[in-house]
Asks: 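One structure follows; several queries about it will come next.
Just so you know, these numbers come straight off a predicted model, no measurement behind them. By convention in this document, chain letters (A, B, ...) are assigned in the order of the sequence lines, proteins followed by strands, and residues within each chain are numbered from 1. Values reported hereafter were calculated over all heavy atoms of this structure, with side chains retained and with hydrogens, waters and symmetry mates removed.
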Amino acid sequence: MSKKITPRIYKGTRDFLPEQMVKRNYVISIIKEIFERYGFEPLETPTIELWETLSGKYGEEADRLTYRFTDRGNREVGLRYDLTVPLSRVVAMYPQIPKPFKRYQIQPVWRADKPQKGRFREFYQCDVDIVGSPSMLADAEIIAIIYEVLQSLNFRQFTIRINHRKILFGITEVSGAGMEKELEVCRAIDKMDKIGMEGVKEELLKREISPEAVQRILDILSTSGDNATRLQQTAAHLQASEVGQQGIREMQELFEYLALYQIPEDFVQFDLYLSRGLDYYTGPIYETVVREPRIGSITGGGRYDNLIGLFSGQDFPATGTTIGLERIITVMEELNMFPPHLRTPVQVLVTVFDPNTLPYSIAIARELRAAGIRTDLYTGKSKLRGQFGLANDKGIPLVVIAGPDEQQANQVNIKQMETGEQITVSRENMVQTIRQLLPKIN
RNA sequence: GUGAGUGUAGCUCAGUUGGUUAGAGCACCAGGUUGUGGCCCUGGGGGUCGGGGGUUCAAGUCCCCUCACUCACCCCA
């Protein structure tokens, strides 16, 4: 043997051991089922994209965080930073795809970020997008799906914050801050929940926006009441902005749809302080936050009507969201939201008593597998004691003992690991008995 | 990219003003138990004290450098 190297893993990446994979798969299966139930179709795209596909789509900050290198033929390539840009490329490359195109995509993305709590360099995103519909109905579908996914995962305390890029644009416009300052204005007011109204004021002044404009912005931001009321208050301030008014009309339409979807208002909030960093958003933007634990947003998205045009020469209206799998899992772990016993897919361990009874054990395992029961046949060297230990460590709920006595009588002994109860049944009744036991355990 | 903190067994950590052979719990392995896991008892394996240099009769402990990790900022899922 050569000298061993210390096993290490690249910063910000993780191995998912079986027990974690079982939990991840549980979450993914629920998300996927809902995506399909809402009429979305699956898509996957390559890990590596040409650099020209990725660059300049997200904004300066994101460009810096995109993994970039050259291949052996000196071609400039990169790892995908999100799933939205690859989708846009696909839509432009395959014009025959019928529109509106509703696709979902669950794949890892890479960001050359410094990792911290709930933040990784390689992580999964679950995206749903609708391409080819300019209607607020499409945005409503997206928000409805966010609501349904989180409800199904047993989230009960969350807020889907909704704002509109055109309204933010309008605020900058009527404030007199100067349109070149728009991004800075957004960035400052985005910090509201962190630094408060006074902090936002300071931020704005620091960015060389005139005190009069700052005051006007702060006036517009201070709204109160339910979503419709606050939307009206905002509308009153934006009379002078054509774009701002358009944003208001779209938001009103969106909230009308959300009412028809019967999404309770406690979960959806018109929030002027939401801005979102990516450059490509053009219409409604949304993200979901949870109060506990403090982890940032667990979903994020919005409308991007001009992005696909960068690839196709023809604009396609599009909207969609990312559901942040990693953060959802982090929250579910911290709040203990996973069902108990979610440890292994294996339902039954068939023990092997000794070489003489091995054929009997194999026959039993084959029979269980044929019946669709997830069955592990012990392949190690340990005696019964060790085999029970294995079932215990893995959390396998049932153990089938097929020793000489059982073989003699053409029976098996079934042990429920949690209670320790054991019963002997004939081979004909084995599958049926196990089928009855399993639901009680899981 | 900016700032702060932490590095001792696989994991969580203890280790006195610097003082002999560096400990505990959990985990792991074996036995107690040749047809039964968890609980219990006994035993065992496992450490370049992150790495390098310095001070000292003596360094896990003090100093310097370096690396790694963690947290926060920025930004984001």
Asks: Just by modelled atom types, is the L310(A) backbone N or O under 3.5 Å from a matching donor or acceptor in the K57(A) side chain?
Replies: no
Asks: Considering only NZ, NE, NH1 and NH2 on the basic side and carboxylate oxygens on the acidic side, decide whether D113(A) and R121(A) come within less than 4.0 Å.
Replies: no
Asks: With rounding to the closest Å, how many angstrom separate the P atoms on C11(B) and G51(B)?
Replies: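 Looking at atom P only, C11(B) and G51(B) are 15 Å apart.
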Asks: Using a 4.0 Å heavy-atom cut-off across all strands, classify G386(A) as base, sugar-phosphate, or nothing.
Replies: nothing
Asks: Any base atoms under 4.0 Å from Y124(A), or only sugar-phosphate, or nothing? Heavy atoms, all strands.
Replies: nothing
Asks: Partner lookup for C69(B), please. Criteria are Watson-Crick or G-U wobble with both distances under 3.5 angstrom; report none if nothing qualifies.
Replies: G5(B)
Asks: Provide, to the nearest angstrom, the distance between the CE atom belonging to M417(A) and the C1' atom belonging to U36(B).
Replies: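 To the nearest whole Å, that distance equals 8 Å.
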Asks: Checking base pairs now: Watson-Crick or wobble, both atom distances under 3.5 Å. What partners G45(B)?
Replies: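 Pairing partner: none.
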Asks: Classify K11(A) by what it touches in the nucleic acid, base, sugar-phosphate, or nothing, heavy-atom distance under 4.0 Å.
Replies: sugar-phosphate
Asks: Looking at every strand, decide which applies to L325(A) at a 4.0 Å heavy-atom threshold: base, sugar-phosphate, or nothing.
Replies: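 It contacts nothing in the nucleic acid.
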Asks: Indicate, with a heavy-atom threshold strictly under 4.0 Å, whether K191(A) touches base, sugar-phosphate, or nothing.
Replies: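 The residue K191(A) makes sugar-phosphate contact but no base contact.
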Asks: Tell whether K383(A) reaches the base of G35(B) with its side chain through a donor-acceptor pair below 3.5 angstrom.
Replies: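 Per atom types, no contact qualifies.
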Asks: Let me spell it out: for each of G301(A) and P115(A), pick the nucleotide of RNA chain B with the closest heavy atom. Which residue's pick is nearer the 5' end?
Replies: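 Closest to the 5' end, via its nearest nucleotide, is P115(A).
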Asks: Taking atom P in both G19(B) and A59(B), what distance in whole Å separates the two?
Replies: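 About 11 Å, rounded to a whole number of Å.
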Asks: Please give the distance between the P atoms of G50(B) and A9(B) as a whole number of Å.
Replies: 8 Å
Asks: Does one side chain, of R156(A) or Q151(A), offer a donor that lies under 3.5 Å from an acceptor on the other?
Replies: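 On atom types as modelled, these side chains qualify, holding a pair under 3.5 Å.
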Asks: Which nucleotide, if any, forms a Watson-Crick or G-U wobble pair with C76(B), using both distances under 3.5 Å?
Replies: none
Asks: Which value, in whole Å, describes the distance between the P atoms of nucleotides C57(B) and G18(B)?
Replies: 15 Å
Asks: Atom CG of L17(A) and atom P of C11(B): how far apart are they, to the nearest Å?
Replies: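 These atoms are roughly 14 Å apart.
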Asks: Whole angstrom is fine here: how far is it from CD1 in I146(A) over to C1' in A77(B)?
Replies: 12 Å
Asks: Remember a base hit wins even if backbone is also touched, and classify E406(A) as base, sugar-phosphate or nothing at under 4.0 Å, heavy atoms.
Replies: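 The residue E406(A) makes base contact.
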Asks: Would you mind telling me which of G37(B), C75(B), G35(B) lies closest to the side-chain atoms of N392(A)?
Replies: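 The closest nucleotide is G37(B).
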Asks: Which one of F158(A), F155(A), Y286(A) satisfies the ring-ring contact (aromatic ring centres under 6.0 Å, His included) criterion with F267(A)?
Replies: F158(A)
Asks: Please measure how far the P atom in G23(B) lies from the corresponding atom in C29(B), and state the result in whole Å.
Replies: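 It comes out at 24 Å once rounded to the nearest Å.
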Asks: Taking the side chain as every heavy atom from C-beta outward, state whether L87(A) and F101(A) have any atom pair closer than 4.5 Å.
Replies: yes
Asks: In whole angstroms, how far is the P atom of A77(B) from the CZ atom of R327(A)?
Replies: 8 Å
Asks: Check the distance between U34(B)'s C1' and L384(A)'s CG and give it to me in whole angstrom.
Replies: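 Taking atom C1' of U34(B) as the reference, CG of L384(A) is at 11 Å.
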Asks: So if I take every side-chain heavy atom of R119(A) and compare against U36(B), G35(B), C76(B), which nucleotide ends up nearest?
Replies: C76(B)
Asks: Please determine, for G37(B), whether a Watson-Crick or G-U wobble partner exists with both distances under 3.5 Å, and give it or none.
Replies: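 Base partner found: none.
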Asks: When the P atoms of A4(B) and C64(B) are considered, how many whole Å apart are they?
Replies: 15 Å
Asks: So what does T299(A) hit on the nucleic acid, given a heavy-atom distance under 4.0 Å: a base, only sugar-phosphate, or nothing?
Replies: sugar-phosphate
Asks: Between atom CZ in F120(A) and atom P in U70(B), what is the gap in whole Å?
Replies: 10 Å
Asks: In this structure, how many angstroms lie between the C1' atom of U36(B) and the OH atom of Y378(A), rounded?
Replies: 13 Å
Asks: Rounded to whole angstrom, note down the P distance from G25(B) over to U21(B).
Replies: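 It works out to 23 Å between them.
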Asks: Could you check whether R24(A) makes a cation-pi contact with F16(A), meaning its NZ or CZ is under 6.0 Å from the centre of the six-membered ring and within 45° of the ring axis?
Replies: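 Judged by the rule (NZ or CZ under 6.0 Å from the ring centre, within 45° of its axis), R24(A) counts as positioned above F16(A).
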Asks: Once hydrogens and angles are ignored, does a donor-acceptor distance under 3.5 Å link the base of U36(B) to the side chain of Q422(A)?
Replies: yes
Asks: For G5(B) versus G45(B), give the span between their C1' atoms, rounded off to a whole number of Å.
Replies: 35 Å
Asks: Measure from the ring centre of F123(A) to the centre of the six-membered ring in the base of A77(B), then say whether that distance is under 5.5 Å and the planes meet at under 30°.
Replies: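 Stacked: centres under 5.5 Å apart, planes under 30°.
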Asks: Base, sugar-phosphate alone, or nothing: which one does E287(A) contact when heavy atoms must sit under 4.0 Å apart?
Replies: nothing
Asks: What is the base-pairing partner of U16(B), counting Watson-Crick and G-U wobble geometry with both distances under 3.5 Å?
Replies: none
Asks: Could you tell me if E36(A) and Y104(A) have a donor-acceptor pair between their side chains, going purely by distance under 3.5 Å?
Replies: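 Looking only at side-chain atoms, E36(A) and Y104(A) do form a donor-acceptor pair, the distance falling under 3.5 Å.
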Asks: How many Å lie between CD1 on I423(A) and C1' on U36(B), as a whole number?
Replies: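 Distance, rounded to whole Å: 16 Å.
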Asks: Report yes if a side-chain nitrogen or oxygen of R385(A) is closer than 4.0 Å to either non-bridging phosphate oxygen (OP1 or OP2) of U36(B); otherwise report no.
Replies: no
Asks: Indicate, yes or no, whether a donor-acceptor pair under 3.5 Å links the base of U70(B) to the side chain of K114(A).
Replies: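 Result: no qualifying N/O pair found.
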Asks: My understanding is that a pair needs two contacts under 3.5 Å, Watson-Crick or G-U wobble. By that rule, which nucleotide pairs with C26(B)?
Replies: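 Per the H-bond distance test, G10(B).
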Asks: Taking distance alone, no hydrogens or angles, what donor-acceptor pairs closer than 3.5 Å link side-chain atoms of residues 42-49 of chain A to residues at least two apart or in another chain?
Replies:
| from | atom 1 | to | atom 2 | distance (Å) |
| --- | --- | --- | --- | --- |
| T45(A) | OG1 | Q105(A) | NE2 | 3.0 |
| E49(A) | OE1 | R89(A) | NH1 | 2.9 |
| E49(A) | OE2 | R89(A) | NH1 | 2.4 |

Asks: May I ask you to verify if any side-chain N or O of Q116(A) is less than 4.0 angstrom from the OP1 or OP2 atom of C71(B)?
Replies: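 Indeed not, no polar side-chain atom of Q116(A) lies that close.
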